[in-house]
Amino acid sequence: MAPGFKFKSPARPRLPDGMRVYAIGDVHGRADLLAHLYALIDADLARRPPAQVMHIMLGDYIDRGPASREVIDLILARSVQHRVVALKGNHDSFVLQALDDPSAMGDWLLMHGVETLASYGLTAATVAKSRLSDLAQAFAAVLPAPHLEFFRGLKCSFSCGDFFFAHAGVRPGIALDRQSEEDLLWIRQDFLRHDGDFGKMIVHGHTPVRNVERRANRIGIDTAAYASGKLTALVIEGSTLRLIDTARIAARAA
Ligand SMILES: [Mn+2]
């Protein structure tokens, strides 16, 4: 950063006029919740049709929950009717790495990759008895081509108006267009503890919170859907923020 460089973040961040963003937090294999959330968004769109709509998925589609494959199918189907920007989460990054390098397959299994493999038909028993290189080959054989393209196409960040979207956050002191993939996908305390200006309002997931965490410089929307049943969408229009989440539906079903 050049000496004397100062961020100039507006006090009330806003999107371009006529645009509405639905930013969606970490799904982690809960296709049931994502389907519910899309239905809630459809109802919201029917009630209040905007000029332009964008869905921004904040990453971590897979692992932990039971239905990673179905989550990807839902996002691909959604992309036919809507503009969907799918960002890369740290968990999602293991898919391509594991196909390339069997040792990364080992790292992925330590990050709950076994649930994702199971959703693609590779059972825990198969995983347990397979060498990592065989497992990588077996995974390559069952991963549908559109899914491979989906994982290849994930972006590490996206900016619109005064908002900047990334899975985990950004590193303080580095311009938003110079952030590393490692930080955008993995950063925690160095980002979360920073209370200075980042230049834009950062919308992120990755670090679970019970309720959406709104600070002066960032908004965290990973409401731990996998465990809590609450998958959250932050709705942004102009400088107005709203929340839509699945908690009520999940509670009724329980
Ligand atoms: Mn994450």
Side-chain angles (χ1 to χ4, degrees), residues 22-31 33-34 37 55-72 74-75 84-99 104-119 147 150-159 163-172 174 176 179-194 198 201-215 217-234 245-246:
Y22 294 93
I24 297 174
D26 306 38
V27 182
H28 276 309
R30 290 294 304 267
L33 299 178
L34 184 58
L37 188 64
H55 293 52
I56 301 177
M57 308 288 305
L58 287 175
D60 276 4
Y61 311 109
I62 61 169
D63 299 347
R64 301 188 193 279
S68 292
R69 179 191 174 125
E70 292 79 358
V71 168
I72 307 305
L74 282 171
I75 299 170
V84 176
V85 174
L87 298 180
K88 193 194 288 185
N90 55 315
H91 284 263
D92 311 312
S93 71
F94 281 106
V95 169
L96 297 182
Q97 288 177 42
L99 292 173
M105 175 63 83
D107 296 337
W108 187 21
L109 292 175
L110 295 174
M111 297 277 292
H112 303 270
V114 67
E115 287 92 343
T116 300
L117 293 174
S119 78
H147 288 216
F150 172 81
F151 286 106
R152 282 192 176 140
L154 297 176
K155 295 173 172 49
C156 292
S157 67
F158 183 78
S159 185
F163 294 87
F164 183 91
F165 303 84
H167 174 65
V170 301
R171 180 158 300 278
I174 295 180
L176 295 179
Q179 296 284 324
S180 73
E181 174 164 346
E182 172 85 11
D183 284 332
L184 293 166
L185 269 58
W186 290 89
I187 198 165
R188 285 199 203 269
Q189 293 308 328
D190 289 348
F191 165 63
L192 300 171
R193 288 193 187 131
H194 185 74
F198 293 115
M201 176 63 85
I202 312 297
V203 179
H204 67 96
H206 186 54
T207 298
V209 284
R210 185 188 292 265
N211 296 304
V212 165
E213 188 172 39
R214 187 173 175 190
R215 300 281 178 91
N217 57 0
R218 64 178 180 86
I219 306 172
I221 67 167
D222 174 9
T223 45
Y226 159 65
S228 69
K230 179 160 115 173
L231 179 64
T232 296
L234 171 69
D245 68 55
T246 59

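Fair warning: this is a prediction, and the values are worked out from it, not measured in the lab. Indexing begins at 1, ligand by ligand and atom by atom, following the structure's order. Numbers for residues simply follow the sequence, beginning at 1.
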Option among Phe163, Phe164, Phe198, Phe191 that satisfies the ring pair (Phe, Tyr, Trp, His ring centres under 6.0 Å) test with His204: Phe191
Asp60 N/O/S atom closer than 2.8 Å to the Mn ion (ligand 1): yes
Residue His167, metal the Mn ion (ligand 1), N/O/S under 2.8 Å: yes
Salt bridge (charged side-chain N to carboxylate O under 4.0 Å, His left out) involving Asp190 - partner list, sequence neighbours excluded: Arg171
Any donor-acceptor N/O pair, Asp60 side chain to Asn90 backbone, under 3.5 Å: yes
More than 12 heavy atoms from other groups under 6.0 Å of OH on Tyr226: no
Asn90 OD1 and His206 ND1 subtending at the Mn ion (ligand 1) (10° steps): 100°
